[in-house]
Each structure stands twice: as structure tokens, then as C-alpha cells.
Amino acid sequence: MAMNNDSPYRQAAAKLPVYFASVLRKRRALLFAVLFAITIFFLFSPFSPDIAGSYGKHSSSSPSFGAVKNHNVNDILRFIDPLIGTTNGGHVFPGATLPYGMAKAVADTASPAENAAGFVSDDNPITGFSHMHDSGTGGQPSLGNFPLFVHPGCVDDDYTKCDFSLSDRPLNRVPDSVYASPGYFTVNITNGVKAEMTTTHHSVLYRFSFPGTEAVRFAKGVAPYSPLILVDLVDLMNSRSRGNIKVDPETGRIVGDGRYGPSFGSGHYHAYFCADFKGAKIRKAGTFESNKATDEKQLLEGVGWGSAGAWIQFEKPDEEMKDSILARVGVSFMSVDKACENAEREMEDWDFERVERDAREAWREKLDVVMVDANGTSEELQTTFWSGLYRTLLSPQNYTGENPLWNSSEPYFDSFYCIWDSFRAQHPLLTVIDPKAQTEMIRALIDIYRHEGKLPDCRMSFCKGYTQGGSNADVVIADAFVKGLTADIDWKTAYEAVLSDAEIEPRNWGLSGRGNLVSWHDRGYIPQNDVDTNGTGPASRSISRGVEYAYNDFCISLLSQGLSKSPSLLGASSTSSEVVDSSSSSSSSSSSSYRPNISTPWTSLTADITKYHHRGANWRNYWNPSAKDLFRDDRTTSSSQPEEHTPYLSGGQNASSLPKGYIIQSPFVGFLQPRTLAGTFRYHPTRTCSPIQNQHSCYYDTALDVYEGSPWLYSFFAPQSMSTLIRLMGGAETFVKRLEYYHESGIAYMGNEQSFLTVFQFHYAGRPGLSSKWLRNYIPTMFNASVNGIPGNDDCAMGAFTTWGMGLGVFPVAGQDVYLIVPPFFREVKVRAGMDLKSSSPSRDYHSEKKEAKWAVIRTVNFDAEMPGRNGGNPVYIQSAKLNGKKYTKNWITHEFFEQGGLLELVVGPEESLGKDGWGTNREDLPPSYYEDEKFWEEWERMDRERTERWKEEEKAKEEGNEVDDGY
């Protein structure tokens, strides 16, 4: 595990002399002899680093350089380990940054398919130290522009014998030297250089320390002590199409720019940097291309793909610098001048300790909106919780003032990467803990719509990212509205934007918006064999896109309903813009007649409520009640299943008695399946795209009807109509069996955010205790404090999952004013009330008794230290609850609790509370389902039968005389 500056590991390092005195005399003598020999070696011979072997586990002792810092046992930063999720596909950025910071500095590693965020906790060498990254993403590696690399000297004091190119320069890290904490990152590399880094919002300050010996011995020869620092124009994806760089041999300033491609989208972006150095006199300066360096050329222009950059060779560092050189790098997306301005404004004093201290304080203030009573909760669980909350605040990144695409008075956030991942847990969490930032993000989304014509589903580096499912920015906007996050948001344009998603198909819906809208509007589903002549995009994912489109439309209906009750919010926009002029739109504050500024028929909010509510039921068009769960028995999936879930044949024979390889059937019937233009169903294997069957067959380029999840998974996605889904699945008892089977059979994959809600959907069947059971099954087995402590790409959402479940004691149903209650992993948790967070800047002052801050408090009564976590004791079940002192039987709560503050007391015990008197088990205590009207479904079924017959006749007429392929 990584240490942080105030960690108990550094505290332990400070106590080493005490420990040494307690060692037995003979052992102490032997230990002293070993340490003495090592000391003599380093004192009387040049530092002779060898390329390190195994990376090993993360250090539990302090880094090689620097002193132990003061330790505050109450500082929550000591429980934050940024290295969690830096392997096993987590792609977490572990370096130095601020909340939502643009500057993100870390060591980049040569780790194919893993280094999306730059650094990976593996054995691969370090390629450089770069200044901007994304965190937790899939796709190609993102950003990582303009990396620095440092040599303590060049063999024979010949700069041409230093390694310059990306293919030649990488060096291994020293085992156990990596250390990360909020606002700080450090690592030693095997040429004797120690790299430290800290950041402001747009700039990075590096401190490179050297062995201090007169020479450094390498395999190629001896290098005199004369550091060389280079800047390369490459990025992590090696996507540069052209670039420029210049070094001033007098001042040492290096400036440059490049044109790059996004990691999961289309287009290009321009980035700029400005690097200055302090601490040593300049000897030589020049440029390089590939591994060929020269000191006769200080400018490169229009260089294309590959390594190319500038370098400076220094004399030994000045005496007061104590064998170190500082590098200050400003970054910008506007210009070189803006990059220099950012660095000079934010780091004028070149004070590394001050910058690091300010960064840590920024993190404390941001995180202090949550407080926990951790008495009885293990340090590992505390680290899992606080580190998850920390990761939630890494992205989206605040690029306000750095947008080169248009001029606007609105905030600009980037790295919505992707909303398909983040709408389910991260954005609802920001609404609770940082409503000001969430408001600014929504304003940024709306401004993107103003200038580009669509809300993004995914966006990075000012480029449109690929769509993965529905138009889920619609859910983000609706979620904010239903939770009262309405101030400072232009709701007229917001409503226009979501209606654009619902009604207008863009030419390329693979980058924004929705596709197949003609069929969606006419048929209520996306036919598997649809011919879309209005736009282009991936002709696949008909099931997963369809259920998300349905939920998007349902959320629009909630927004329509809310706006009809608050027509004043549809007033004129208060924002300014130089590109889009909305003055020509026809608008009215009346709920009876409002026409958005898009090319759709005249409409009204009242009509919209009905239309989008009806479309919200379209998920059911995919429900095939006779679809069977068929799969081939390979003895690796069924052998681990409980006896009551052992698959059987249709005749009732137990599958375990059959030869391996039989096609068998589970007890469950009825799944979402693709439909044709004729309205008929076609069979899609129900387990495909799950961990136990072809999991990697349904990524972005899939031809299948589901995306990154199986029909088993998507068949549970109807959060707007769970009572109907439960009825279709055979009733509450069967639904519970089916949901448990999903989690225990290996079909569930918690590495994708779609599975989050399934952990808590037992609430809808009156079994909230099982939600707690499965939450504690996944934490800490899959979500923990190790470097591989998350099960998939973090997406800044995996941390939100643990924050909700472990700390806040609820999980959100995104887009609805519904939170499902579970017992937290702490004795008590306090969250600053939204009304306070909106009215003042978060500050540690509100912990003072002088401040009358309002808090939402979740208190666990009968908390037992042995209970949290499957491996730490028994599951915890809620027996009863009180809200503000009054009996509370509902298994869900609304946002009013977090907005106004209050006290939710959960009495817990080791047995599930069941029966008529059980907590949260009765019908009136269940979360809302919005399609309870039996007449609605009777009419829906009648219309579906009539339409299906008509479509069959139409297709029969078209295909008369032609052979039709009915295969999958």
C-alpha cells in the first residue's frame, strides 16, 4: 500500500530508533554491521544504480529522500491512497492534482493497454513525467503531453550519449520508492534521480534530486555530474500530427505546442506548455529528433509523429538547492503565452512546500463536507472509503478560461469520460457533496449544447467522444432538477437540449445524440434489422440502447412535469454567448404552450409529460416472456453455484448428472431480446457479454445487441417501472431468487457501472436486507485498499459506489428523487446539508461549534465492529429506523434529507428483518414505481398486439417471394 505524508507508515519510520533499541543484542549487532557496510559503500564509491528488477509491492517505509513530516492522526488525508486502482484495469490517475484540476502530474510507464492514466503499478519502466492526464478511463491512453525526462549526467560528458527518444530512454523505478498522496507524487528511477511533483490548477512544480556524487556509473560508462533535462512533444497515445518547440539557451525557458487526437472520440485538440528551470547554471541547450540531439539548433517547427523536443544540460545544482533542480511547467489549451502566464501567476515563488501544502489544504476543504465516526471500522475500510471519495473528485476537469472553441461567460468542464458511466453514481454524489461544482458542470453541458448542437455522452480534450448507450446527459440534468439544484441554470436551454436528444437524430449519432429515432418514435423499439437513413452510428446494441432511451425519455417526463409546476424557470437565458443566438426562439412562461428552439412541432409541457412518460415504457417492447436462459455446461460455472440454483433440463433432470458440454437451462424464463422490423423476437444468448460467456465481445465495435453487459443484466434495468418488471419476472419471490442467482452465478460484473443498481434492487421486492448482504459481499472482496482494489475502469464512478454504500448509507436511483437505504460501514456519518453548501464556500470553519452548520446524519445503532464486510463478520440488517426521532418504515428516502439536514437512525442486527413487521418489507414502504396503472398496461398490450400484426403483414408483403433468414 502507498504511504502518504501523514500516514502511520511514515510515523513508524520516525520511530525506527526506538525499534532498533528493542532488537535483541546479537540481532542488533548483525543489523548494525549490514547498515555500516552499506554506508561505507555509498560514501566511498560513485553511485552505481542498476536497472531494477521486480517492482514489488508498494512501500510501507518512507521514500529514500526527504524527512518524515508531522503526523496528524485526525487528518483524513492519511486514509487516502491514490495508488488504489492503478493496476487490474482500474486506470486510476495516482499523481498530484487538485479537485477537478487541469494539471495532473505523474510518472508515465511503458505499460501497454494499462497506462490510460499514465502510471501503472507494475514492473514496466518509466518513460517520463507529464503534466495532464485523465483518470479511470477506457479507450486509448489519454493526454500525457510534453513529458520531461531527467538524466543525472551523460556518459563521457557527451550529451549525444544520453538517451532522448521514447524508445531508448525508459528506466525502471527503484522498488518500493513510489509514494502518492493528495497533491503529491514521488518515485526514484534507477539512474539515481528522485522525481517529486505537486500542482496548482494549471501548473506543475517538479523537484528532481540527484545522488550528489561527482560521477554516476552506468553500463555504458561513467557520467560526470551534469544533469540533462529534456522535454518531448509526444503524448501517451503518440497521436501528434504536428508540433513546435523552442529552447532559449540564455534563460532556459522551453515552450512548445502540438496537435493531438482524443483517446476515445473524433477530432483533434491543440495543447501548449511553458517550462522554466531553477537551481543550476545552464551549460548547453538544443533540440532532438528521435535519438539524435544537437546543440546547434534551438527551434523545431512542424515536426510530425514520434519523439522530438528540446533539452538543457546544467552544471551541478547550486549549493542552496541541495542537489536538486526545480522545473515549473504551465499548461494551456489557448496559447504558449497563456501557459507561461498560468505558471508565473500560480507559482511565482517557486516554493515546492507551499504549493504542496496548498494542494493538501484544497483537498481537506473539499472532503471535509463528510465526517465519520470510525470507531470500530478498520483502517483498510477507512482507506477504501476516503480514497473512493477522493477519486470521485478527480474528474470532470475544470477547464474554465481554457476553452479555445468559443467565447462564453459560462463555466467549461471537460473529461466527461463518459457520462454513460458517471450518471449512475458520480453525478448524483456531486449533487450531495458539491452542489456548486455539479451546477457548474450542468451549465457546461448546456453550453456545449448551445455551441455544438447536442449534449455530449462522452467528451475529452474538447472533442466529441463516442456514444455508448442512450443520451444520458438527459438523466444528469433531470436528476439535478428533481433534487432542487435549479439556481443559476438556464432551464429553458436545458429543456431544449433534452428535447433535441429525444426528437432530432444527428447525422452522426455515434458521437452524440440518439440513432434510429424514426423507428423509436413509430415502433417504440430499435429493430435489430432497422435501416436508418437519417444518420450513421454503430448498427448494434438494440437492447441496451433501447432500455436507456426509454429511461432517458422517462426522465424527460419528470423534467417536463417539474417545469410545468415552475414555469418561471423557462424565462429568458441569463447567459451570454458569441456564437449562438437564441433570440429568434419562440418561448413562453406558460406551461400550456412552450416551443423549444428546435425543429419540432408545437408542443406543450402537458403534452410532453404524457408523450415522454409513454415512451418511458418502451423498455417493455424488448421483453420476451418465453426467452430461455440456455447455456453450455462447461463445469466451471455451474460447479460453484449453490444447490438450489443448479441448472436443470426442461424435464427436471439435474444438470450436474449430465456429461460436460450439454446445452442446459436455468430455472428462469423471460428476458429482454432483440426484435425485428416485423415485431418478432430473435434469440440473443442471455449470458453473452458476462464474465462467464464471451465477456469481451461487446465493446465499442460490437455487432451484438448489448453493450458491455449481458441480457441478464439489462433485463433488470427498468428503474422507472420496477413493479411491472417484478410482475413480469414472476412476482417478488421469484424476482429475489433471480437477482440472487445473477449475483452468485458469476454473471454479474461489478467492473461496469450498470451493475451498481442491481446490488440494491432487492429493495423493490421488499428485501432490503439482501441489498446490504450483497453490498458487503462486494466490499471488500472487489472494492478494497489494494492497488488492484477496484474491479474495472474507475471512471471516477467506482469510488462513488463505495462512498454511497459505505458512508452515506444510501444508493441513488439516478434521475429520480429516490435513495435506497442500507446500513453504512461506520458508527455515524455526517454530510453537510445542501442548503449550507449552496450558500457558502466549504471551509473547515464549519466544524467549529461557533458555526451552526446543518448536517445530514446517518447513525448506526447497535453498531458492531465485527459486522462491516463479509470477511470482517456477519452482514448487517436494518431492524428499524427513525427519521428525526419519528418511526420510519420506508426503505428509501428523498433528497430533502441531504438538502435540509436531519438525523436518520438505523437500528441494525445480524438477522434479516422479514415478515409483516419487518423493516422496509411492506408494499407501502417500497420505492416508487411510476407505471402502476393497470389500464395503462392493458392499453399498451392491446396496441402492441395490433402493431405487431400490422408489421408482420408489412414485412411479409415486402419479402414475398424471398427467403427470410430467421437465424440469430
Side-chain angles (χ1 to χ4, degrees), residues 1-2 52-58 81-97 104-145 147 149 166-167 169-180 185 187 189 195 234-239 260-264 387 391 394-395 415 417-418 421 460-461 465 691 695-696 699-701 708 749-753 782-799:
M1 163 179 169
S54 174
Y55 174 59
K57 62 183 180 180
H58 292 296
D81 182 0
L83 290 165
I84 293 172
T86 53
T87 187
N88 192 36
H91 299 176
V92 168
F93 167 77
T97 191
K104 284 180 162 54
V106 80
D108 298 323
T109 61
S111 307
E114 281 286 334
N115 65 339
F119 179 86
V120 182
S121 293
D122 60 12
D123 293 329
N124 285 304
I126 289 171
T127 61
F129 308 94
S130 63
H131 337 293
M132 295 187 291
H133 297 84
D134 280 313
S135 183
T137 66
Q140 296 292 317
S142 189
L143 297 169
N145 319 76
F149 198 82
L166 185 64
S167 59
R169 67 176 182 249
L171 290 173
N172 281 356
R173 67 205 87 176
V174 174
D176 297 338
S177 68
V178 175
Y179 158 56
F185 183 91
V187 62
I189 52 179
V234 296
D235 64 330
L236 285 172
M237 201 170 75
N238 216 348
S239 70
Y260 304 91
S263 57
F264 189 68
S387 300
R391 295 197 306 274
L394 292 176
S395 286
S415 297
Y417 201 157
C418 292
D421 305 287
M460 71 294 297
S461 310
Q695 181 176 10
H696 303 297
Y699 293 133
Y700 186 75
D701 57 352
E708 294 193 11
Y749 175 57
M750 293 303 295
N752 269 330
E753 289 76 7
M782 292 188 179
F783 297 84
N784 53 57
S786 66
V787 292
N788 60 346
I790 54 177
N793 298 158
D794 182 69
D795 299 310
C796 294
M798 294 285 161

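Just so you know, these numbers come straight off a predicted model, no measurement behind them. Every heavy atom of this structure was used, including side-chain atoms; hydrogens, water molecules and symmetry mates were not.
For the pair I126 and R169, the minimum side-chain heavy-atom distance is 4.5 Å or more. In this structure, T97 and H133 have side chains that are not in contact, with every pair of non-hydrogen atoms separated by 4.5 Å or more. Proximity of L143 to S461: side-chain heavy atoms (C-beta onward) are separated by under 4.5 Å at one or more points. Using a 4.5 Å heavy-atom cutoff, the side chains of F185 and V178 are in contact. Side-chain contact between P125 and L171 is absent, with no heavy-atom pair separated by less than 4.5 Å. Between V106 and P94 the shortest side-chain heavy-atom distance falls below 4.5 Å. Within the 4.5 Å cutoff, the side chain of N145 has heavy atoms near those of the D235 side chain.
By the 30° and 60° cut-offs, the orientation of the rings of Y417 relative to F264 is parallel.
At distances below 3.5 Å, at least one donor-acceptor pair connects side-chain atoms of N784 with backbone N or O atoms of S786. Panel note: side chain D134, backbone S142; no donor-acceptor pair is recorded below 3.5 Å. Within the 3.5 Å criterion, the main-chain N or O of L394 finds a donor-acceptor partner in the side chain of K104. Of the possible polar contacts, one joining the N793 side chain to the G89 backbone as a donor-acceptor pair under 3.5 Å is found. Under the 3.5 Å distance criterion, the side-chain polar atoms of D108 are left unmatched by any main-chain donor or acceptor of T127. Side chain of E114 to backbone of H91: no donor-acceptor contact under 3.5 angstrom is found.
In this structure, the separation between CG on N752 and CE on M798 is 6.5 Å, given to the nearest 0.5 Å. The CZ atom of F93 lies 12.0 Å from the OG1 atom of T137; values are rounded to the nearest 0.5 Å.
The two residues G792 and Y749 have their closest heavy-atom pair at CA-OH, 3.9 Å. Pairing each heavy atom of V234 with each of Y260, the nearest pair is C-CE2, 4.3 Å. The minimum heavy-atom distance between I790 and N88, with the atom names listed, is O-ND2, 3.5 Å. Among all heavy-atom pairs drawn from V92 and P82, the shortest one is CG1-O, 3.7 Å. Considering every non-hydrogen atom in both S135 and A117, the closest pair reads CA-CB, 4.4 Å. Nearest heavy atoms, V787 versus S121: CG1-OG, 4.0 Å.
Paired with R173 under the rule side-chain hydrogen bond (donor to acceptor under 3.5 Å, both in side chains), one option of T109, D123, D122 passes, and it is D122.
Salt bridge absent: R391 and D81 never bring a charged side-chain N and a carboxylate O closer than 4.0 Å.
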